[in-house]
*Asks:* 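Right, I'll just put the structure down here and ask away after.
Chain naming here is simple, since letters A, B, ... match the order of the sequence lines and numbering starts at 1 in each. Excluded from the calculations below are hydrogen atoms, water molecules and symmetry mates; all remaining heavy atoms, backbone and side chain alike, are included.
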Amino acid sequence: MRPGHWWHTLTLRLRSLFRRRAVERELDEELQYHVEEQTEAYIRKGLPPREARNAALRAVGNIALIKEETRDTWKLAFLTQAVRDARYALRALGRSPGFSLTAVACLALGIGASTAMYSVVGAVLLKPLPFRDSARMVRVYTDFPERPGGGLFKFGVSIPEFLELQRDGRAWDGIEAWTTLSANISSASEPVRITVPYLTGGMMGMLGAAPKLGRSIAPEDAVEGAPSTLVLSHRLWQQAFGSDPSIIGRDVRFNGSPATVIGVMPAGFEFPPDLSDPADAWAPLQFTAADRQRRIDHMLSVVARLRPGLTIKGARSELSGLMAQFRARGSARFHGLDPKSHPAVIYSLRDEVVGNARPAMLMLLGAVGFFLLIACVNVANLLLARSSARRREIALRLALGASTPQLFRQFIVEGVLLSLFGAAAGIPLAMAAVQLIMATNAGLIPRIREAGIDGSALGFSLAVTALTGFLFGLTPLLHSRARSLNVALQSTTGRAFGSRRTTRLRAALVAGELSMALTLLIGAGLLVRSLWNLQQVKLGFNPRGLVTMRLSVKGEAYAGEDRLRRLWLDLSERLSALPGVESATVADGLPPQRFAVHSDTQIENFVPRPGGPIESVDFYQSVGRRFFETLGVRLMEGRFFDVRDGFGAPPAVIVNQAMARTFWPGESALGRRIRRPGGEWITVVGVVADVKNAGLDRPAGSEIFLPADQLHNVQSRTYVIVKAAGDPVQVLSAARRVIREIDPSLPVAMIRTMDDVLEEVQSRPRFLALMLALFSALALALAAVGIYGVVSYSVARRTAEFGIRMALGARPADVFALVLREGLALTAVGLAIGAGGALMFGRWLEALLFDVSRFDAGTFAAMGSILGAVTLFACWAPARRATAVDPVRALRSE
Amino acid sequence: MSKPSDLVQGTLDLLLLRLLGLEPLHGWAVSQRLKQVSGDVLQVSDGSLYPALHKLEQEGWIKAEWRVTENNRRAKFYSLTRLGRAQLEREAANWERLSGAISHVVRLEEA
């Protein structure tokens, strides 16, 4: 009957809150009925109907006011009840501040960590990209599946291929391309080096990108010969042009020639979305007649917007139809699109942007989920302990007439309050954490700039809070199963202790907690191992004392080849002469972060064979004098470049071991000749050890080094590498002075020590290892607290038993062992389940591990021992307490 | 107008519970019955009657249902719940105590 009643009032209240109109109508009807009855009463007294009605209305009074007050009672009833419950719950929590603070702290950590992770992961994985109809956007690549070494995939698109796709493709209602270059721009004061994506004419329109000032790039800007134009990013507009509102229409010097600023994009507009150094400005991409024929360069990045309603799968099948058409048309020319040898392929744009960060994000989300669970289990454990202590209170309140639903509601309110406090402390924690992660971007996570504690993150934490609060509310009921009042009251004659059931439940919770902590620990251990392995990787060069700078020498000042070569020579000679500098050199790329070019290269006497290599080299590197000596690259065969390789001398090349192994396996590479298609033959004069060129975690590709002294077109991209005898930072200012003396208008950018560069390459693995280590350390602490609580509790409960045992002759050591055994049994269960969990969790980790198996026995054993040691430590104190039991006092107190 | 000045706060609840404890009534009947049994001494304005009834309903002490009256009209009838009966007993006991004490004091002063 009582629960029925409780249900009845609840539905009544919810009804008056949510079914407003129906309730209002009933009130109208009720009052209407009153007036009619009154009218009839007056008529019976002899009044004429009309007057009777007026009199009745007068008697009732102000109907609007009555309604108003009645409505108030609906709201009030709900509010007063809630206030009453909350106040009571607060008092109950205040009575045990130690418990409340611990619980709130656990929840704050759990909710804070999970909210922070959710908002980071949500921004990266879930939020739609900030472009119009971004869900329909795809990246278009080309593959070369038949290339040796497993083929080349997700390669760029050449200009003729792009134009064919644009002309004949029907799967999309827009397809556009870009290519990103660096450029110089003259700002108000000095030349600035900027990153500029060149966009095809329809790109800005397809993205739905509205400019803040002026206009965005339009198709007519991309027509060959159209006047040079530029759209600035908000950041560049602020930093280089002082937020000048009259910038539109102004001419700036852009790569040495004038360009008109036509627009400024709003802050937050970022395209392409996956660029690690964000775009500073956008320029139209104009194709020349020669460009339209060039099939060799696959330099375009292409994005398309699929027709509405077309799935990626559908689009793929349409695309393969199109490939077949191309083939049938006989366009199987050199590097033409072809369904087998060179197909165009599409992938969801968002997946491509997130790219390899996805497994990292999913792993973090899983780890934080475990952590939240551990925190919740800990709180549930605390609540169980507390509610055993509260059994007396519960029994008393039941005896005094409180209904079970009332108690139930009370507990839920307490649980929700705890969670709310936890959330109140946890959300600022999450905000700080997200700020920190964003500010450092330690993980080099794409789209991290879009993260933030927004509505959805708050919604997430609110949902977590509500759920945990509700579940916590239920825990005390788990063991007020002893429904009978008598039993409850009787059992509280002595101390208030939980039933066997509760004890077992708590033990199970702790075992679960331990196992999850172990899972996290093993995960962290594996990531730390990977990081360690990454640091042990043979770089192929010696980073000590190296400092690197990037110069941009594009522009009319260095139009002639001689001048560029002279500049390179000047730089390496004059910088080498500086005091404190061992040697200095120049190159057009910097290990270990280069992009593979996979450039067609002819090998003299090359015999193609099925499954064998094709005539292509992964990395081309133009190097100044003393390049190998400065970087400390090991010579394996032949010689380094020297005076014999000057301008006009017989062309020479040095290759790496990977190259030598690929094309001349088992033979000497010295004296062999290679050439670019149509170029002159170059003789191999040396073989050097492999240098990590594109990431530490990947094997070096084939690489050739060409002496800058002999080159007819030295790459405009110029890196200066200085090896200092001591601290590289010491020689920096002198080096900059020298560069200024050589050419005051040369912008110097990205000055970093090689150690910093290596740091950066490792920053994501380090970030992940750090995060997981943090989670697992906290989890371990929580689990230790959990097992300490359970064992202490059991010691307190068994005081009398220990007394009897000792009275019967048990030695303290026996009792000590008895308690310890209980703790260790829990640990053993936790270890077994945790190791199993780690085997599962390992699947998420696999993509993030480097050179370590996810089943690595060493890590499992090490982490298991750590957990064992910590739990042993946590059980030590209660076990000692058990040995201190005085048999006489223990027995008397019963 | 809404609060009857001559009714001690909370007493209206007691009166309503008492009346509804006898038989289910609709609003107008409650107001008539109040006047009737108290010999027109307790004039409860309709302005305070309905908010009071709704409050009792929200507390779960009385419940309402739509029924047809003897002259075949739909009206909202209120009746006492189990919990309401317990509340009635509590409030009645309180009232006995309070009024007893007050009349005691009042008589004391006259003497």
*Asks:* Answer yes or no: are there more than 12 heavy-atom neighbours, outside A/Arg87 itself, under 6.0 Å from its atom CZ?
*Replies:* no
*Asks:* Rounded to the nearest 0.5 Å, what separation is found between the CZ atom of B/Arg74 and the CD atom of A/Glu29?
*Replies:* 4.5 Å
*Asks:* Considering only heavy atoms, which portion of A/Glu26 lies under 4.5 Å from any heavy atom of chain B: side chain, backbone, both, or neither?
*Replies:*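 A/Glu26 touches chain B through backbone and side-chain heavy atoms alike.
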*Asks:* Can you list the residues of residues 33-43 of chain A that sit under 4.5 Å from chain B, counting heavy atoms only?
*Replies:* A/Tyr33, A/His34, A/Glu36, A/Glu37, A/Gln38, A/Glu40, A/Ala41
*Asks:* Taking salt bridge (Lys or Arg N to Asp or Glu O under 4.0 Å) as the test, write out the residues that go with A/Glu51, two or more places apart.
*Replies:* none
*Asks:* So what's closer than 4.5 Å to chain B heavy atoms on A/Ile63: side chain, backbone, both or neither?
*Replies:* neither
*Asks:* Just to verify, what does B/Glu65 make a salt bridge (Lys or Arg N to Asp or Glu O under 4.0 Å) with, not counting sequence neighbours?
*Replies:* B/Arg67
*Asks:* To the nearest 0.5 angstrom, please state how far the OG1 atom of A/Thr70 sits from the CD atom of B/Gln58.
*Replies:* 10.5 Å
*Asks:* Which residues pass the salt bridge (Lys or Arg N to Asp or Glu O under 4.0 Å) test with A/Glu24, sequence neighbours left out?
*Replies:* A/Arg71
